[in-house]
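Single-structure report; data block below.
Convention: sequence-line order gives letters A, B, ...; per-chain numbering from 1.
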Amino acid sequence: MSYLTDTRTDITRLLMGNEAIVRGALEAGISVAAGYPGTPSSEIIDAFSKVARERNMYVEWSTNEKVAMEVAAAASFAGLRTMCVMKQNGVNVASDFLLHLASSGTRGGMVLAACDDPGALSSVNEGESRIFARLVEIPLLEPGDFQDAKDVTKWAFELSEEIRNIVMIRSVTRLSHASGNVRFGPLPGTDRRASFKYHGPLYDPECGPIIAMVVGAAKLQHGPLQEKVKKAARLFESCPFNTYTGPEKPELLIITSSACNLYSREALAILGLEHRVGILKLVTTWPLPPELIKRNLSRTGRILIVEEVLPVLEEQVKILAAEMAEEIGAKKFYGKNSGTIPSIGEMNPDFVLAALSSILGVPYTSVSPPFAEKAGELARTMTPGRGLTFCPGCPHRATFWCIKNVLELDGREGFVCGDIGCYVMGTLPSGFSTVKTLHAMGSGTGIASGFGKLKPFGMTQPVISVCGDSTFFHAAMPALVNAVHQKSPLTMVILDNSGTAMTGFQPHPGTPENVLGEQVPALDIEALCRAMGARVEVQDPFDLEGTRATFHRLIEYEEGAKVLILKQACALSPERRGRKNFEMSVDEAICLGEQCGCNRLCTRIFGCPGIVWDKEAGVARIDEMICVGCGVCADICPSGALIKKEVAGT
Amino acid sequence: MSDKRLPHDPYNVIITGVGGQGNVLASRVLGSMLVDKGFFVTIGETFGPSQRGGSVMSHLRISKTSVWSPQIPGFRAHIIASLEPIEAIRVLALYGNPEATILCNTRPIYPVPVIRGEEEYPSMETIRKELRSLVPDTLFIDATEEAQKLGSPILANIIMLGAVCGTGVFPVDRHDFRHTISERVKKDQVDINVSAFDIGTGLVPA
């Protein structure tokens with residue numbers, strides 16, 4: 001039994017924000033959850049899958065976020081409570097369906113859990129998902145701490161059923177991946193039945209067909225959608241999760257939500273300003289409840305809005321303040337637009353401390369300046385950066401090594417269009433800086449498809465795209481279809497490492513087992529690409545010679561789209577972890593070090609953390625603790641000084 | 001709720017190191033032990049690509065009153081437990097102060113620029129001298145070496161956790177540790193984890 005299904009209601013547990021969201025959904029009696037992996041959201045579906053059997057749930061990792069939302073919506077249409085889960089840019093992927101779903105409405109409570117990543121700690125964007133709630137006109141809830149994450153999630157299902165529409169919960173990395181005390185509530189029974197009722201009249205919310213909108217009949221559905229938003233705003237007026245803490249008439253009012261609530265509280269406590277400054281913590285950040293906002297804006301003339309990514313809350317508050325100006329008077333606003341709060345990056349207590357210090361003229365020094373100066377100097381001079389690099393034994397290092405060498409030898413200034421996964425590091429020296437474009441899931445192959453058609457304009461550079469196995473299914477397939485159909489001579493490299501590696505080995509349509517541990521049909525990437533009409537080759541990237549030769553053949557073939565599938569499991573995968581194929585060593589008699597003329601290829605260029613440069617001896621060495629014995633480096637040393645010895649039994 | 005007073009509330013602990021050293025497990029175990037004792041605990045962690053050989057940090061806030069920010073405000077750490085020597089310096093520059101306690105493992109993990117010979121890793125002697133000059137209460141612990149003696153270098157994280165508890169700040173002992181670790185590791189791994197915890201506790205002067 002998982003601790004997430006503990007039936008005791010008097011207990012307090014240390015839960016991650018993501019686990020608190022899961023517990024809240026379980027307390028609401030959720031039946032179906034679907035998502036696509038993405039930091040910081042992935043633990044939600046992983047946690048649901050562990051309690052699925054016990055809680056009578058269906059849980060899946062879907063092909064992409066749009067499909068996940070559609071799968072979850074079906075459960076709602078059949079009367080069940082359901083959730084779809086994704087990171088911020090996943091909402092972009094799902095947004096076309098979301099727009100139409102908001103229009104058709106839902107039946108069983110449906111919640112979209114979107115986890116944003118302010119500061120892009122694990123993203124290639126600092127996207128803002130909250131805008132979508134405003135854009136498609138659905139309620140938005142932002143839990144302000146860990147207990148909220150559970151309680152607000154449970155309430156979101158009730159709200160969804162009350163207004164008959166999907167409700168969005170927005171978390172952030174520092175809530176999803178942080179942990180705190182959570183008090184448990186009761187779990188309901190698990191006997192739930194599904195049935196889709198469609199025999200009633202069109203648009204009947206209980207038993208009609210569920211249709212977004214009949215063409216040309218916008219009034220029929222858009223009007224009711226806006227009525228739902230108004231109803232949500234009325235309910236939000238008395239929502240117990242919106243709280244004001246502080247004096248009746250503060251000198252300054254902080255309006256905040258999400259993790260910024262915790263940063264604001266901490267800053268006030270450190271400065272001892274609790275009797276001078278009030279905090280309005282808002283969970284219901286769209287639509288804002290106007291009366292509640294009016295009451296609180298009336299408390300004072302100065303307002304500080306603390307939030308992350310875009311000034312979404314700030315702008316909504318300002319709109320209301322402008323509308324109410326006659327009653328509440330002019331206000332002085334501080335926030336992202338005034339520059340009081342940084343417009344980019346993650347927030348923390350120190351930014352709020354600085355904002356309070358400047359607005360109220362309260363001095364704040366955290367530590368003596370000489371200490372900060374000296375410690376800063378040590379950090380600058382004594383701590384070489386760790387940067388980002390591929391793991392020892394990562395197949396991507398071998399792949400990019402081959403790509404680099406093939407493109408250099410080819411000499412036509414070829415390049416790689418990158419995609420989303422660990423292989424984004426192809427943009428860095430660890431991937432030999434071969435990747436020259438990088439955007440969204442599946443975009444590498446779409447862009448490469450376009451580059452491939454620029455020959456009439458004199459462009460002769462060979463174009464390679466890379467994408468992982470999970471990314472292939474998620475969004476790269478339509479791009480490949482396009483390339484084949486348009487006869488674009490790109491070479492698409494599919495880095496098949498047997499799982500959604502970057503986010504923690506979630507299954508995908510190409511793996512033989514789903515998240516519930518059931519055997520499922522594994523789609524064959526090679527067969528799919530052949531069926532599309534691409535020229536397909538398959539290689540093991542650890543076979544450097546064979547891979548290079550195949551690459552050369554493919555980039556010289558100009559008749560249409562080519563696919564090279566490089567199959568080798570991730571070094572962290574369960575099948576490879578802790579298993580060495582080779583014992584590696586350096587023959588010091590052969591390694592010529594700096595005299596070799598190789599420019600220390602193994603340590604300076606190849607850069608596997610398992611090979612260390614021994615300065616005193618002037619030779620390379622293997623770090624036994626780090627090397628995982630993939631054997632690839634033996635094939636890059638021009639002198640043959642890196643020796644691989646097969647480990648028995650592999 | 002334990003009657004034990006915290007020297008500061010919230011009390012701030014940072015467990016830092018390099019991705020793969022197990023700082024997440026160490027922080028979760030410490031946090032769970034303290035929640036079981038009735039404290040409010042907040043943990044902020046670095047996830048994502050940093051798990052692949054990057055610098056990682058867990059922030060723990062321990063309080064009798066409420067949860068706090070998952071990020072410790074600048075220069076306000078009370079204990080910095082570092083699984084890797086230069087990571088202690090990195091954290092010191094952001095969260096340290098002269099009154100803090102530093103517990104520092106002595107086993108370096110070389111960053112890629114050092115492996116490539118582009119940058120220098122400072123000598124252990126320099127690290128000892130500089131850390132002590134800024135933070136007098138700095139203790140160096142051969143956690144990886146001790147863990148290797150136990151047969152598993154990864155247990156350095158538990159030895160460091162034992163050292164944190166060995167400071168006597170928190171009302172937790174080996175029995176609490178055994179209870180919590182039993183929920184998180186395989187049965188046959190519990191005893192060796194408790195041994196590692198004991199070694200860590202023993203390495204800190206009472």
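- Contact count against chain B (heavy-atom pairs under 4.5 Å) is highest for A/I270 among A/I270, A/T12, A/D145.
- No donor-acceptor pair under 3.5 Å is formed between the side chain of A/N181 and the backbone N or O of B/V67.
- For the set A/G17, A/G385, A/P370, A/G607, the entry with the most heavy-atom pairs within less than 4.5 Å of chain B is A/G385.
- Minimum interatomic distance between B/P70 and A/L262 (heavy atoms only, all atoms of both residues): CD-CD1, 3.8 Å.
- In this structure, chain B has no heavy atom under 4.5 Å from any part of A/C394.
- By the neighbour-count criterion of 12 heavy atoms within 6.0 Å, atom CZ of B/R184 is densely surrounded, having more than that number from other residues, nucleotides or ligands.
- Each of B/E87, B/E183, B/E118 has some count of heavy-atom pairs under 4.5 Å with chain A, and the biggest count is that of B/E87.
- Shortest non-hydrogen contact noted between A/V367 and B/P98 is CG2-CD, 4.1 Å.
- Options B/V114, B/L92, B/I72 differ in how many heavy-atom pairs under 4.5 Å they form with chain A, and the most are formed by B/L92.
- Neither the backbone nor the side chain of A/F351 has a heavy atom closer than 4.5 Å to any heavy atom of chain B.
- Annotation: the span from B/I115 atom CD1 to A/F606 atom CZ amounts to 12.5 Å, rounded to 0.5 Å.
- Between chain B and the options A/R174, A/E377, A/K615, heavy-atom pairs under 4.5 Å are most frequent for A/R174.
- You'll find the side chain of A/R265 reaches within 4.5 Å of the side chain of B/S66, heavy atoms only.
- Remark: A/R386 engages B/E84 in a salt bridge, criterion side-chain N to carboxylate O under 4.0 Å.
- Of the atoms belonging to A/N348, heavy atoms from both backbone and side chain fall under 4.5 Å from chain B.
- For A/R600, the part sitting under 4.5 Å from any heavy atom of chain B is the side chain, from C-beta outward, and nothing else.
- Proximity to chain A is absent for every atom of B/L34, based on heavy atoms less than 4.5 angstrom apart.
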Please lay out, stage by stage, how A/E19 and B/R28 fare under the test salt bridge (charged side-chain N to carboxylate O under 4.0 Å, His left out).
CA-CA 14 Å; A/E19 294 175 319; B/R28 295 272 175 88; 5.6 Å; no
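- Heavy atoms of B/P153 lying under 4.5 Å from chain A belong exclusively to its side chain.
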Can you give each donor-acceptor pair under 3.5 Å made by side-chain atoms of residues 124-132 of chain B, sequence neighbours left out, with the distance rounded to 0.1 Å?
{"residue": "B/T126", "atom": "OG1", "partner": "B/S123", "partner atom": "OG", "Å": "2.6"}
{"residue": "B/E130", "atom": "OE1", "partner": "A/K374", "partner atom": "NZ", "Å": "3.4"}
{"residue": "B/R132", "atom": "NE", "partner": "B/T138", "partner atom": "O", "Å": "3.4"}

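- Of the two parts of A/I611, only the backbone, made up of N, CA, C and O, holds a non-hydrogen atom closer than 4.5 Å to a non-hydrogen atom of chain B.
- Taking the side chain as every heavy atom from C-beta outward, B/V135 and A/F371 approach each other to under 4.5 Å.
- Neither the backbone nor the side chain of A/Y3 comes within contact range of chain B, judged by heavy atoms closer than 4.5 Å.
- With a threshold of 4.5 angstrom between heavy atoms, A/A372 approaches chain B through its backbone and through its side chain.
- Interface remark: A/L175 contributes no atoms to any contact with chain B (heavy atom separation under 4.5 Å).
- B/E45 CD to A/T173 OG1: the interatomic distance, rounded to the nearest 0.5 Å, is 12.5 Å.
- Taking B/T42, B/D36, B/L94 one by one and counting their heavy-atom pairs under 4.5 Å with chain A, the maximum is reached by B/T42.
- The local environment of CD in A/E373 is sparse, with at most 12 non-hydrogen atoms from other residues, nucleotides or ligands closer than 6.0 Å.
- Shown here for A/A375 and B/A93, the closest heavy-atom pair between the two residues is O-CB, 3.4 Å.
- Options B/V91, B/N97, B/L60 differ in how many heavy-atom pairs under 4.5 Å they form with chain A, and the most are formed by B/N97.
- Looking at A/A620, neither its backbone nor its side chain comes within 4.5 Å of chain B, counting heavy atoms on both sides.
- Between B/S69 atom OG and A/M347 atom CE the span is 10.0 Å, to the nearest 0.5 Å.
- Atoms CZ and OG, on B/F75 and A/S368 in that order, are 9.0 Å from each other to the nearest 0.5 Å.
- A side-chain donor-acceptor contact under 3.5 Å links B/R90 to the backbone of A/P384.
- The shortest heavy-atom contact between B/R61 and A/E266 is NH2-OE2, 2.6 Å.
- Between A/L378 atom CG and B/S133 atom OG the span is 7.0 Å, to the nearest 0.5 Å.
- Of all the heavy atoms in A/L14 and B/V35, the pair that sits closest is CB-CG2, 3.9 Å.
- By number of non-hydrogen pairs under 4.5 angstrom with chain A, the leading residue of B/G74, B/S58, B/G44, B/G31 is B/G74.
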